[in-house]
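Down below is the structure, laid out as structure tokens.
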Amino acid sequence: RNGFPPILLMRTSLARLLSISRPQKFKALIARHYDSIQLTIPNPALLLNNVSHRYSNLERIIMEYIDNAIDDAEEGYREHKCYVEPLEIIVDLHRMEGKLVNISVKDNSRGMSKDKLLRILQHVGESHKAGTPWLNGQFGFGMHAYRAAADKLKVRSKHAEDPVYELFVDRMESSFEPAQATDEPLYHSSSNGSGTEVFLVNVDEDWGRGLTPEKLVGEVQLHFERLLARDNLTIRIRELESNDGSILSKTADEVQVVSDTVCEPFDYDEVKGADFKIESPMLRAHLKIAEQEFDGQRARIYLLGRRINEIGSILSFLKRSKYQQRLWSHPQLIGYIEVDGVEPVITRDEFKNTPAREEMYKLLLEIEGKLQNA
């Protein structure tokens, strides 16, 4: 009309409407809405796939799904100060003719309702755990970690009296079918049939190469060391072998169980050396200067029972440390430091720059002086 572009006519009409009949605050609100630019993501799958490559190895990806299983039972553990029903998490490495093709993580915890199962996969970055300080998942991305290393994700879950629901997500697609009820029960479940099974389907050959049960057991024992010390918590790593391609539909009775290992916490009391134990509202430490070099147990920081990193590899702390890796990466310094109130980055190997992090680092600097003089 009169040669003006439609967008200009719309803005002119809006301005006239605001000037005639709207209160000032409402006018400002409407104006901001029309002046702001909303972010759009044309290909969510491509973005998520790229973000997933922040994971550096397959072990870290598997930890995400073990984490979810532990978090699912944490409310009950905190309420009763124990696991009322033993929590068992089974990680299976499915091989076909020697090649790692699928990975499954099964637990006998509370399971997920249909709505929750859909929400955690659809609403990326919207974690229901973010406001709960004792739960580990805070970013709402963990279920999508599979994208770095496998073609598809299959999830089967049962909650309370619900049926078993299952769904598939393809990393190359930006949409997926809603969860469907199935009559096939869970292979591994609680006494009332609840639990969750997660399958990483068609693992990339480059990612699967070199992952052995022994290596995964070692990583689980390091990563969940403080949680493995709990009674009634068991994490098992199994290697299964099949000669056909239908591994996902098979039970353990239909495949060859090559190995089955229960992960165990490390016993620092068995190592001879000088102990340093510290208790404060923010951290609890058990460090030891061993009498001889001890490989594999270098001093580490744990948050909510999970390993963040070896202290000698946390660069933001080393910038403040006087002795740096000469002390913190010394092969005779072993042990753990459990911390509270700090926030990890999304890859959970560093901490966000917060006042709580600075307070924690001040305490660590006080500890390092005592260790250096020992």
Side-chain angles (χ1 to χ4, degrees), residues 54-55 59-84 87-89 91 105 107 109-110 120 125-143 145 196 198 219-235 263-266 268 277-287 297-311 313-314 316-317 335-361 363-364:
R54 291 293 305 273
Y55 294 95
E59 296 93 300
R60 274 280 182 176
I61 293 172
I62 294 171
M63 302 302 173
E64 291 284 3
Y65 300 102
I66 299 176
D67 262 329
N68 288 341
I70 295 173
D71 275 350
D72 194 36
E74 193 65 15
E75 183 178 344
Y77 180 87
R78 296 230 165 204
E79 179 182 354
H80 301 285
K81 309 300 181 185
C82 66
Y83 292 110
V84 176
L87 174 61
E88 184 177 42
I89 302 166
V91 181
V105 180
D107 69 70
S109 191
R110 297 180 303 175
I120 63 173
E126 186 184 286
S127 174
H128 71 282
K129 306 176 188 178
T132 309
W134 62 79
L135 295 181
N136 186 56
Q138 301 288 314
F139 300 103
F141 184 81
M143 285 293 282
T196 299
V198 177
E219 283 297 305
V220 168
Q221 290 180 165
L222 284 174
H223 189 75
F224 296 104
E225 178 185 291
R226 308 318 312 141
L227 296 178
L228 288 171
R230 291 178 174 180
D231 292 333
N232 280 344
L233 171 60
T234 303
I235 302 177
C263 298
E264 301 286 350
F266 186 79
Y268 291 95
K277 295 184 179 181
I278 299 168
E279 292 277 345
S280 79
M282 190 175 200
L283 61 80
R284 296 157 303 284
H286 183 181
L287 300 172
Q297 294 296 138
R298 291 181 180 175
R300 299 171 307 286
I301 291 184
Y302 287 82
L303 176 65
L304 300 175
R306 284 85 163 177
R307 173 191 60 184
I308 296 298
N309 210 338
E310 293 182 358
I311 303 175
S313 297
I314 300 178
S316 59
F317 171 68
Y336 62 86
I337 297 177
E338 294 185 279
V339 298
D340 295 315
V342 289
E343 299 178 61
V345 299
I346 191 170
T347 50
R348 293 191 173 93
D349 54 5
E350 256 280 8
F351 295 102
K352 291 182 180 179
N353 186 3
T354 64
R357 186 185 79 171
E358 294 307 307
E359 180 183 352
M360 177 185 72
Y361 286 170
L363 294 173
L364 290 180

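- The backbone N or O of Met143 lies less than 3.5 Å from a partner atom in the side chain of Tyr65, making a donor-acceptor pair.
- Under the side chain to side chain contact (heavy atoms under 4.5 Å, CB included) criterion, Leu363 pairs with Ser280, Met282, Leu283, Glu366, not counting sequence neighbours.
- Between the Arg226 side chain and the Phe224 main chain, no donor and acceptor come within less than 3.5 Å of each other.
- Residues meeting the side-chain hydrogen bond (donor to acceptor under 3.5 Å, both in side chains) test with Asp340, sequence neighbours left out: Arg284.
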### Message
The test is side chain to side chain contact (heavy atoms under 4.5 Å, CB included); show your working for Arg110 and Glu75 and say whether it passes.
### Response
CA-CA 10 Å; Arg110 297 180 303 175; Glu75 183 178 344; 3.5 Å; yes

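- With a 4.5 Å cut-off on side-chain heavy atoms, Gln221 and Phe266 do not count as touching.
- We find that Arg230 and Glu225 are not joined by a salt bridge, their nearest charged nitrogen and carboxylate oxygen being 4.0 Å or further apart.
- Every side chain to side chain contact (heavy atoms under 4.5 Å, CB included) that Ser316 has, sequence neighbours left out, goes to Ile314, Arg320, Glu350, Arg357, Tyr361.
- Judged as a side-chain hydrogen bond (donor to acceptor under 3.5 Å, both in side chains), and not counting sequence neighbours, the contacts of Asp349 are Thr347.
- In this view, Arg60 satisfies the side-chain hydrogen bond (donor to acceptor under 3.5 Å, both in side chains) rule with no residue, not counting sequence neighbours.
- In this structure Asp231 satisfies the side-chain hydrogen bond (donor to acceptor under 3.5 Å, both in side chains) test with no other residue, sequence neighbours excluded.
- Between Glu64 and Tyr55, the side chains place a donor N or O and an acceptor N or O closer than 3.5 Å (distance only, hydrogens not considered).
- Phe351 and Phe317 have their aromatic ring centers separated by at least 6.0 angstrom.
- Using the six-membered ring where Trp is involved, Tyr77 and Tyr83 have ring planes that are tilted, between 30° and 60° apart.
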